[in-house]
Amino acid sequence: RNVTMGMSSAAVHQCVELAVVLPDTRVAAQAAFAPHESLPLGPLDDPDLLPTFHARVRCDHRFSVALYEGRELEEEAVQSDARAGFEQDVYVPAATPDPAHPLPPGAGIGPVERVAVCADLSVDCAESARRLRVSHQVLSWTPQRGMEGQAWTACLLLRDQTLSAGAGEQRVCTRFRVNKCEVCTRHGDTLLSIASDFATDWLQLWGANRAIRNPYDLRDIVDSLGNRLQLGPLTQLAQPEAVSTVSHKFKVSPEQLFRLNPDLDPASDVLPAGSIVCVIPDVCAQPGDVRMTTM
C-alpha cells in the first residue's frame, strides 16, 4: 500500500505467505462394512514385511477400502496453522490401482460411496454420537484355477478427487497369495461335483474334510470353516526330487500334479528343495469301487 507522509510519498510493502495444505488421506482400517472383508494395507518400504491376504480359488472376495481426511477427526473448536481455512466434508479421497504394482488378474475396485461412520471410525455407535463421512470402495476378486501358489504385490494410489493427478498422492500396498489345495464351495456344490472338477474321487475329498456329514450338503463347512474345502494334503520337499518320484510316492499322475501346482515348472523333471506341493492321492480308484451317483 502507499502511505503519504507530508510532501513525500514512500511505498511500504507488506507480504502475506499463502500455503496450500495438502489433504491428509488416511485408511480407516477398522471400518469394515459387512459383509465385506477388511483389506490389510501398508507402505511399500519393504515388500517382505507387507501384510498378506491368503485367497482361495472360487472365492468371491469382497474387500472394504475406507478412506478419510485426517483433519476430519479434529474437534471443530481446535484451530491450528495446518488447519486454518480447512472446511469439513469437502475433501473426497479415492483409491485407484497403481499401474506400477497392479491388482491381481481379474481384480477391480469400484466407485466411491460416501458413508457416515462413528468418530472412532467404527460403524456401530449411538445415534447421538459425532460422525464423519468416509469414502468407501469395494475391491472385488475371484481367483481362478491356475492361480494356485501365485502371489502378487498390489498397491493402491490414494488421492483426493479435488486435486490434480499426482498432487498429495500416497501409495498403500498388500500382498495377495492364492492357497494351494483349497477351494471355496458355492451354493449347489456337492462332493461329487467338486471331485469331477478336480479329476478325483468324492471319497478322497470326504476323507480330507472330516467336518462334512453329508456329501450332498456342504453347509457343514460353511458354518465351521468359512466354506473352505480341502482338496488334499500339502507337502514340502526337503530335497530336490524327481517328478516321477513324487508322482509315485503320492499316487498322483504327473499331469494332475502340475494341474494342482501351476506355479511349478512343467518343463522340469526335478522339483527343487523347499517346493510346497499339493497332492490329491488317487487312493480310491480301485477296481470294483462303488461310485456315488447323483440323486
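Predicted, not measured: the structure shown is a model, and the values here were computed from it.
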Report task. Indicate the atoms forming the closest heavy-atom contact of Arg56 with Cys184, along with that distance. Result -> NE-SG, 3.7 Å
Requested in this report: Check whether any side-chain N or O of Ser135 sits under 3.5 Å from a backbone N or O of Pro93 as a donor-acceptor pair, and report yes or no.
Outcome: yes
Report summary line: Heavy-atom nearest pair, Ala195 first then Trp202, reads CB-N, 3.6 Å
**Report entry** Side chain Lys180, main chain Ile276, donor-acceptor under 3.5 Å
**Finding:** yes
Requested in this report: State plainly whether one hydrophobic cluster holds both Leu139 and Val178, where clusters connect Ile, Leu, Val, Met, Phe, Trp and Tyr through side-chain heavy atoms under 4.5 angstrom apart.
Outcome: yes
**Report entry** His36 backbone acceptor or donor facing Ser64 side chain under 3.5 Å
**Finding:** no
**Report entry** Verdict with reasoning, Val243 to Leu271, per side chain to side chain contact (heavy atoms under 4.5 Å, CB included)
**Finding:** CA-CA 6 Å; Val243 171; Leu271 302 180; 4.0 Å; yes
Requested in this report: Hey, could you give me the NE2/CG distance between His101 and Leu156, rounded to the nearest 0.5 Å?
Outcome: 12.0 Å
Requested in this report: Evaluate side chain to side chain contact (heavy atoms under 4.5 Å, CB included) for Leu231 paired with Val183, printing each intermediate quantity in order.
Outcome: CA-CA 7 Å; Leu231 296 176; Val183 298; 3.9 Å; yes
**Report entry** Enclosure of Asp46 CG (heavy-atom neighbours >12, cutoff 6.0 Å)
**Finding:** yes
Requested in this report: Run the numbers on Thr245 and Ser247 for side chain to side chain contact (heavy atoms under 4.5 Å, CB included), then give the verdict.
Outcome: CA-CA 5 Å; Thr245 301; Ser247 175; over 6 Å; no
Query raised in the report: Under the side-chain hydrogen bond (donor to acceptor under 3.5 Å, both in side chains) test, which residues partner Arg210, sequence neighbours left out?
Result: none
Query raised in the report: How close do Ala154 and Pro102 get, heavy atom to heavy atom, and via which atoms?
Result: CB-O, 3.4 Å
Requested in this report: Establish, from distance only, whether the side-chain atoms of Arg177 and Thr52 form a donor-acceptor pair under 3.5 Å.
Outcome: no
Just distance, no hydrogens or angles: give the donor-acceptor pairs under 3.5 Å from side chains in residues 233-240, sequence neighbours left out.
| residue | atom | partner | partner atom | Å |
| --- | --- | --- | --- | --- |
| Gln236 | NE2 | Gly274 | O | 3.3 |

Query - Worked verdict on Asp197 versus Arg145 for salt bridge (charged side-chain N to carboxylate O under 4.0 Å, His left out) - result: CA-CA 10 Å; Asp197 288 344; Arg145 292 282 303 274; over 6 Å; no
Query raised in the report: Between Gln137 and Gly110, is there a donor-acceptor pair closer than 3.5 Å when you use the side chain of the first and the backbone of the second?
Result: yes
Query raised in the report: Are Thr142 and His61 linked by a side-chain donor-acceptor pair shorter than 3.5 Å?
Result: no
Report summary line: Applying salt bridge (charged side-chain N to carboxylate O under 4.0 Å, His left out) to Asp60 and not counting sequence neighbours gives Arg186
Query raised in the report: Does Val57 offer a backbone N or O that forms a donor-acceptor pair with the side chain of Gln144 under 3.5 Å?
Result: no
Query raised in the report: What heavy-atom pair brings Leu50 and Cys173 nearest, and what distance separates the two atoms?
Result: CD2-O, 3.7 Å
Report task. Determine, using the 4.5 Å side-chain heavy-atom cutoff (strictly less than), whether Leu67 and Leu157 are members of one ILVMFWY cluster. Result -> no
**Report entry** Donor on one side chain, acceptor on other, Arg159 and Thr96, under 3.5 Å
**Finding:** no
Report task. Kindly give the heavy-atom pair with the smallest separation between Ala55 and Trp141, and that separation in Å. Result -> CB-CZ3, 3.6 Å
Query raised in the report: So does Arg213 have more than 12 non-hydrogen atoms from other groups sitting under 6.0 Å from CZ?
Result: no
Report task. Kindly indicate whether the side chain of Leu218, heavy atoms from C-beta on, has any atom under 4.5 Å from the side chain of Thr190. Result -> no
Query - Heavy-atom donor-acceptor pair, Asp160 side chain to Val92 backbone, under 3.5 Å - result: yes
Query raised in the report: Which atom names give the shortest non-hydrogen contact between Val134 and Val117, and what distance separates them?
Result: CG1-CG2, 3.6 Å
Query raised in the report: Is the shortest distance from a Lys or Arg side-chain nitrogen in Glu241 or Lys249 to a carboxylate oxygen in the other one below 4.0 Å?
Result: yes
Query - Chi angles and distances behind the side chain to side chain contact (heavy atoms under 4.5 Å, CB included) call for Asp24, Glu69 - result: CA-CA 5 Å; Asp24 181 18; Glu69 164 56 41; 3.5 Å; yes
Query raised in the report: Rounded to the nearest 0.5 Å, how far apart are OG of Ser275 and CG of Asp263?
Result: 8.0 Å
Query - Phe53 ring center near Phe63 ring center (under 6.0 Å) - result: yes
Query - Salt bridge Arg228-Glu182, side-chain N to carboxylate O under 4.0 Å - result: yes
Query raised in the report: Roughly how far apart are Phe258 CZ and Leu264 CG, rounded to 0.5 Å?
Result: 6.5 Å
Report summary line: Value for CG (Asp189) from CG (Leu229), rounded to nearest 0.5 Å, stands at 8.5 Å
Query raised in the report: Could you give the distance from CZ (Arg175) to OG1 (Thr153), rounded to the nearest 0.5 Å?
Result: 4.0 Å
Query raised in the report: Hey, does the Lys NZ or Arg CZ of Arg133 hover above the aromatic six-ring of Tyr91, less than 6.0 Å from the centre and inside 45° of the axis?
Result: no
Query raised in the report: Are Val246 and Leu260 grouped together when hydrophobic residues (ILVMFWY) are joined by side-chain heavy atoms under 4.5 angstrom apart?
Result: no
Report task. Answer with yes or no whether the side chains of Asp201 and Gln204 bring together a donor and an acceptor at under 3.5 Å. Result -> no
Query raised in the report: When hydrophobic residues are tied together by side-chain contacts of less than 4.5 Å, even through go-betweens, does Phe176 share a cluster with Leu41?
Result: yes
**Report entry** Cluster check Val27, Leu103: I/L/V/M/F/W/Y, side chain < 4.5 angstrom
**Finding:** yes
Query raised in the report: Short question: side chain of Trp206, backbone of Leu191 - any donor-acceptor pair under 3.5 Å?
Result: no
Requested in this report: Check whether any side-chain N or O of Asn209 sits under 3.5 Å from a backbone N or O of Leu205 as a donor-acceptor pair, and report yes or no.
Outcome: yes
**Report entry** Gap separating the CH2 atom of Trp152 from the CE atom of Met147, nearest 0.5 angstrom
**Finding:** 5.0 Å
